[in-house]
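Heads up, the thing below is written out as structure tokens.
Remember, predicted model here, so these are calculated numbers, not experimental data.
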Amino acid sequence: MKITILCVGKIKEKFFGDAVNEYLKRLSRYAKLEIKEYADEKTPDGAGEALEEEIRIKEGHRILSGWDENAYTFILAIDGKGYSSEAFAGKIEEVMLFGKSHIQFVIGGSLGLSDEVIKKGDVRLSFSNMTFPHQLMRVILLEQIYRAFRIMKNEPYHK
């Protein structure tokens, strides 16, 4: 199984980087994982909707440059479908059973994702109605992917 995370922005804080590296190490038992980072655009204070949309489109084009058309794609979005950890594991297992050997997850920047990127995804996934910084969301996503594999393998995991 190959898993790719396409994300806008870099990890800046060491503690987030340490957490990401820990989950990458843990996940290496279950899947080949790759993180593709794309530059985020500077958003000036007081930017209007037109400028914000232009920024989402620019960032979206960068994301699409690394897109695998054959991968099953989860788009992280506040308005997406929420799953329990067990249901999320079941969804990943279902994708694998139906012949997909590559899953990609997409995390947008501070302004979210362009409509073009959202429409290309197979499913919109929500972890909460709350907004999280993209660096923290990367850690949360990796933890849930790790937890999903533990569940699928009937291995103990922290509840």
Side-chain angles (χ1 to χ4, degrees), residues 1-12 16 19-20 23-24 26-27 30-41 43 47 49-152 157-159:
M1 168 60 54
K2 178 179 177 184
I3 297 174
T4 304
I5 299 174
L6 308 172
C7 48
V8 174
K10 295 193 176 296
I11 296 288
K12 296 177 180 104
F16 283 133
V20 165
Y23 282 109
L24 289 174
R26 291 181 186 191
L27 278 162
Y30 305 105
K32 181 178 183 281
L33 204 130
E34 178 182 17
I35 297 176
K36 294 182 179 181
E37 295 178 328
Y38 301 97
D40 53 349
E41 291 287 317
T43 305
E49 181 54 40
L51 179 56
E52 288 183 356
E53 180 61 20
E54 183 181 320
I55 290 169
R56 281 190 291 273
I57 289 169
K58 284 180 182 178
E59 291 175 348
H61 286 158
R62 291 182 190 127
I63 289 168
L64 293 173
S65 72
W67 194 277
D68 181 346
E69 296 291 339
N70 296 312
Y72 188 91
T73 305
F74 288 89
I75 301 291
L76 275 64
I78 288 175
D79 65 346
K81 178 177 173 44
Y83 292 87
S84 66
S85 294
E86 293 80 6
F88 181 56
K91 182 65 177 175
I92 291 175
E93 194 165 39
E94 174 188 307
V95 169
M96 292 166 54
L97 288 173
F98 285 103
K100 290 288 186 177
S101 61
H102 185 194
I103 296 174
Q104 58 191 7
F105 293 88
V106 181
I107 303 173
S110 61
L111 298 176
L113 293 162
S114 68
D115 288 340
E116 183 180 14
V117 171
I118 291 169
K119 288 175 185 169
K120 284 183 69 78
D122 293 296
V123 66
R124 287 196 321 251
L125 172 64
S126 175
F127 283 93
S128 172
N129 289 331
M130 295 179 176
T131 302
F132 296 104
H134 63 272
Q135 296 181 80
L136 178 58
M137 194 63 243
R138 197 179 312 181
V139 175
I140 293 169
L141 173 61
L142 286 167
E143 190 281 333
Q144 285 298 305
I145 295 169
Y146 173 69
R147 184 178 297 260
F149 276 100
R150 301 282 295 187
I151 292 168
M152 286 185 286
Y157 66 98
H158 178 55
K159 295 181 182 185

Minimum side-chain heavy-atom gap [X]-[Y] below 4.5 Å:
X      : Y      : answer
Ser65  : Tyr38  : yes
Tyr72  : Val123 : yes
Ile57  : Glu116 : no
Val117 : Trp67  : yes

Between [X] and [Y], what is the shortest heavy-atom contact and its length?
X      : Y      : result
Ala77  : Arg124 : CB-CD, 4.1 Å
Gly60  : Ser114 : CA-OG, 3.9 Å
Ile107 : Leu113 : C-CD2, 4.4 Å
Gly66  : Leu6   : O-CD2, 3.9 Å
Ser85  : Gln144 : OG-OE1, 2.8 Å
Val8   : Gly109 : CB-N, 3.6 Å

Mutual orientation of the aromatic rings belonging to Phe88 and Phe127 [parallel < 30°, tilted 30-60°, perpendicular > 60°]: perpendicular

Salt bridge (charged side-chain N to carboxylate O under 4.0 Å, His left out) contacts in which one or both residues fall within residues 89-105, not counting sequence neighbours: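 Sorted result for residues 89-105: Lys91-Glu94.
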
Pairs meeting criterion salt bridge (charged side-chain N to carboxylate O under 4.0 Å, His left out) with involvement of residues 131-141, two or more places apart: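 Passing the test, one end in residues 131-141: Glu37-Arg138.
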
Identify whether the distance between the nearest side-chain nitrogen and carboxylate oxygen of [X] and [Y] falls below 4.0 Å.
X     : Y      : answer
Glu53 : Arg56  : yes
Arg26 : Glu143 : no
Glu69 : Lys120 : yes

Pair Phe132-Leu76, side chain to side chain contact (heavy atoms under 4.5 Å, CB included): steps then yes or no: CA-CA 11 Å; Phe132 296 104; Leu76 275 64; over 6 Å; no

Trace of the side chain to side chain contact (heavy atoms under 4.5 Å, CB included) decision for Ile35 with Leu24: CA-CA 9 Å; Ile35 297 176; Leu24 289 174; 4.0 Å; yes

Point-to-point distance, once rounded to the nearest 0.5 Å, from OG1 of Thr73 to NE2 of His102: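 Here the interatomic distance stands at 8.0 Å.
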
Greater than 12 external heavy atoms within 6.0 Å of Asp79's CG: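 Counting other residues, nucleotides and ligands, CG of Asp79 exceeds 12 neighbours.
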
Evaluation steps, side chain to side chain contact (heavy atoms under 4.5 Å, CB included), between Met1 and Phe149: CA-CA 11 Å; Met1 168 60 54; Phe149 276 100; 4.0 Å; yes

Short side-chain to backbone donor-acceptor contact, Glu41 and Glu59, under 3.5 Å: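 No, Glu41 side chain to Glu59 backbone: no donor-acceptor pair under 3.5 Å.
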
Side-chain donor/acceptor of Glu52 to backbone N/O of Leu111, under 3.5 Å: no

Test side chain to side chain contact (heavy atoms under 4.5 Å, CB included) applied to Leu33 and Leu142, step by step: CA-CA 10 Å; Leu33 204 130; Leu142 286 167; 3.9 Å; yes

